[in-house]
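The block underneath contains the structure these notes are about, expressed in structure tokens.
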There are 2 protein chains.
Amino acid sequence: MERTLFMNFLAARGLKLTKERMAVLRQIFSIHGHFEPERLYLNIRSSGIKASRASVYRTLNLLVESGLVERISRSEKGNVYEHTYGHRHHDHMICTTCGEVIEFFSENLEEIQNVICTRYHFTGTSHTLEIRGQCRTCKKRKK
Amino acid sequence: MERTLFMNFLAARGLKLTKERMAVLRQIFSIHGHFEPERLYLNIRSSGIKASRASVYRTLNLLVESGLVERISRSEKGNVYEHTYGHRHHDHMICTTCGEVIEFFSENLEEIQNVICTRYHFTGTSHTLEIRGQCRTCKKRKK
DNA sequence: GGCCCAATTGAAACTTAATCTCAATTTCAG
DNA sequence: CTGAAATTGAGATTAAGTTTCAATTGGGCC
């Protein structure tokens, strides 16, 4: 699982397996869905493990490089991440009022992108689609 | 044109039409394509008009609110904007090898997104689709 | 196990984009 | 033209994220 993959990644780079790095990894994969670095840091803290903000950020970057975690957006108040290992690809809708993130997937959308790539002789390897607007709740509230 | 639209927007809000705001507007619409706030500020400066960074940022936000300008991404080094008025909406393909940016538009893609939004009771106001991969030239070269 | 050294850590300083403060200035309705 | 309200600029402030560097630690090697 992700633990082994991360260990292999570290080994391949001559990096060390520290308790701080393990704590970050464990915490990230225990979070269901999106998270911000600060929340990650606080979660780790409140779980009794001591790790500095610097280490949390450093490990986060390593995890992104390893492909286990992906940065999915930059909000007003910083980056948002999610772990990708064990997660099917999906896109996001983001409510600009409350910040809620809705995940969705559309086979149709994927297919059309392939068609477009072919038309432009482009070899697509990945994509990010972010739809911004208002979620049901915020839309109602505004009335 | 954009000038009139912006003036109407300001008037509707009881805001004033200042030379600084006009300078920002003029500069933005003279830039073909994407720009960053800092570049905008420097351009205005070097064109002889004096306007502070604060005013540039403040006006930029007003323009986004008015719908004349759109923030298209948040890069490592700040936000990237483009003016939308007089520009048809489009998405981007980015070659990860050479950095080339291909703009494209697909009515199909737009429609499917509307369908998805409806399904999730989400009121989409804008979106960003970025397809990463290799352009024709780089693909050929790699062989 | 124990040695050794490169990698890692934490605390605090730093960086950078963007926002805020507030006194002085400017706009514009009347 | 006048005055109230909005705006401006310079510099202070904020906050996310990175860097610095001395002290600590992991892990290959014997």
Determine yes or no for a side-chain-to-main-chain donor-acceptor pair under 3.5 angstrom, with [X] supplying the side chain and [Y] the backbone.
X	Y	result
Arg71(B)	Val64(B)	no
Thr84(B)	His89(B)	no
Ser55(A)	Arg21(A)	no
His83(A)	Ile28(A)	yes

Whole angstroms only, please: what is the [atom1]-[atom2] distance between [X] and [N]?
X	N	atom1	atom2	value
Glu20(A)	dT24(D)	CD	C1'	10 Å
Lys16(A)	dG27(D)	NZ	C1'	7 Å
Lys50(A)	dA11(C)	NZ	P	8 Å
Arg53(B)	dT21(C)	CZ	C1'	18 Å
Arg71(B)	dA17(C)	CZ	C1'	12 Å

Sidechain N-carboxylate O distance under 4.0 Å for Glu65(B), Arg13(B): yes
Quick check on [N]: is either OP1 or OP2 less than 4.0 Å from any side-chain nitrogen or oxygen of [X]?
X	N	value
Asn61(B)	dT19(C)	yes
Ser55(B)	dT7(D)	no
Asn79(B)	dA17(C)	no

Would you mind telling me which of [options] lies closest to the side-chain atoms of [X]?
X	options	result
Lys19(B)	dT20(D), dA7(C), dT27(C)	dT27(C)
Ser52(A)	dT8(D), dG10(C), dT9(C)	dG10(C)
Ala54(B)	dA12(C), dG11(D), dT8(C)	dG11(D)
Tyr57(A)	dG17(D), dG10(C), dT27(C)	dG17(D)
Arg58(A)	dA6(D), dT25(D), dT20(D)	dT20(D)
Ala51(A)	dG27(D), dT8(D), dG10(C)	dG10(C)

Sorted by number, the residues of residues 21-47 of chain B with heavy-atom contact under 4.0 Å to DNA chain D: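 Within this stretch, Arg21(B) sit under 4.0 Å of the strand.
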Residues Arg58(A), Glu20(A); criterion side chain to side chain contact (heavy atoms under 4.5 Å, CB included); working and verdict: CA-CA 10 Å; Arg58(A) 285 189 281 231; Glu20(A) 290 84 358; over 6 Å; no
Closest-nucleotide 5' rank along DNA chain C - winner of Leu15(B) and Tyr81(B):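 Looking at DNA chain C, the more 5' nearest nucleotide goes with Tyr81(B).
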Matching residue for Asp91(A) among Glu130(A), His127(A), Glu103(A) - test: side-chain contact (heavy atoms from CB on, under 4.5 Å): His127(A)
